[in-house]
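The structure displayed is predicted, hence computed values, not measured ones. Naming: A, B, ... by sequence-line order, numbering from 1 per chain.
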There are 2 protein chains.
Amino acid sequence: MSELVRTGATPVSEAGVDCCPTVLASPLPEDHAVALAGDFAVLADPVRLRLLSLLASATAGEACVCDLVEPVGRSQPTVSHHLRVLSEAGLVVGEKRGRWVWYRTVPERLTRLRQVLA
Amino acid sequence: MSELVRTGATPVSEAGVDCCPTVLASPLPEDHAVALAGDFAVLADPVRLRLLSLLASATAGEACVCDLVEPVGRSQPTVSHHLRVLSEAGLVVGEKRGRWVWYRTVPERLTRLRQVLA
DNA sequence: CCGATGCATCGAGGACTGTCAATGAGTGAG
DNA sequence: CTCACTCATTGACAGTCCTCGATGCATCGG
């Protein structure tokens with residue numbers, strides 16, 4: 001039903017990826033560097049990377065938490081924590097249906113993160 | 001004179017970026033995820049991102065450490081530490097000339113990291 | 001209603017990381 | 001040779017993050 005949209009302390013839509021065309025163009029200001037580092041920090045975890053790839057390669061392009069716990073090999077609270085981090089970064093979106101919450105990736109954000117490294 | 005090539009515990013040429021075409025293709029194995037997360041962790045620091053952009057936008061494409069300390073706003077040992085991390089990740093290369101060490105970026109590695117997010 | 005299921009949150013502990021002052025190693029000038 | 005300069009290394013401290021067990025909050029079945 002309701003879209004589980006997380007909004008962290010620094011809304012992703014205003015931070016990091018969205019301010020600078022590329023890292024190598026000009027001497028990156030301090031605050032932009034902090035925001036961008038935050039974006040990359042989200043990807044700097046094996047569990048989160050595996051969650052992203054699991055969701056992306058899922059049959060319907062989405063999966064519920066209960067289907068992610070076992071493949072990732074971590075406890076359910078830990079998986080929930082990482083999904084929250086990914087959600088706050090705008091890399092995934094969760095949608096609650098009945099007892100389950102279905103997550104899917106947001107490839108556009110990954111694309112924009114990619115362009116920063118040009 | 002001598003190329004300052006660092007080799008960390010996990011040689012960059014065998015880790016992370018070099019094993020998987022893209023994160024979203026298939027359910028990323030555990031060890032690959034760990035390696036990739038390590039690569040992204042190198043980018044998950046504001047000082048390192050600024051060092052990269054400073055080097056990339058430097059006049060001759062390179063700069064010595066003494067020219068990087070003041071713009072980055074950290075102590076000399078801290079800057080040296082971050083340059084070491086970047087060097088071990090293969091993102092920069094240092095070359096010693098006399099009393100100075102000149103660093104330059106290795107854009108090829110950044111390009112390969114970019115392709116993983118495809 | 002009542003119990004079971006799916007997921008989020010809380011709190012704590014353990015490991016890792018960024019930072020600096022102090023120090024060491026190598027180089028060039030005088 | 002000696003001093004000044006550039007950079008790397010060491011050791012220590014503080015902050016952050018990953019992880020889990022315990023708990024709480026919905027939802028559905030009977």
OG of B:Ser26 to NE2 of B:His32: how many Å apart, nearest 0.5 Å?
->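 Spacing of OG (B:Ser26) from NE2 (B:His32) equals 9.5 Å.
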
Taking atom [atom2] of [N] as reference, at what distance in whole Å does atom [atom1] of [X] sit?
{"X": "B:Leu83", "N": "C:dG18", "atom1": "CG", "atom2": "C1'", "answer": "14 Å"}
{"X": "B:Glu88", "N": "D:dA8", "atom1": "CD", "atom2": "C1'", "answer": "12 Å"}
{"X": "B:Arg50", "N": "C:dG18", "atom1": "CZ", "atom2": "P", "answer": "16 Å"}

With a 4.5 Å limit on heavy-atom distance, are the side chains of [X] and [Y] in contact?
{"X": "A:Arg48", "Y": "A:Val85", "result": "yes"}
{"X": "A:Val47", "Y": "A:Val72", "result": "yes"}
{"X": "A:Leu43", "Y": "B:Val23", "result": "no"}

Could I get the full list of side chain to side chain donor-acceptor pair (under 3.5 Å) partners for B:Thr111, not counting sequence neighbours?
-> none

Summarise how protein sits on nucleotides 18-30 of chain D as a single string, 5' to 3': B when a protein heavy atom is under 4.0 Å from the base, S for sugar-phosphate-only contact, - for no contact.
-> SBBBB---SBS--

Keeping [X] on the side-chain end and [Y] on the backbone end, is there a donor-acceptor pair under 3.5 Å?
{"X": "A:Thr78", "Y": "A:Arg74", "answer": "no"}
{"X": "B:Ser87", "Y": "B:Val93", "answer": "no"}
{"X": "A:Ser80", "Y": "A:Gln76", "answer": "no"}

For the helix from C:dC1-D:dG30 to C:dG30-D:dC1, measure the angle between the helix axis at one end and the axis at the other, each built from five pairs, rounding to 10°.
->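 So the angle between the two local helix axes works out to 20°.
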
Is any side-chain nitrogen or oxygen of B:Tyr103 closer than 4.0 Å to OP1 or OP2 of D:dT6?
-> no

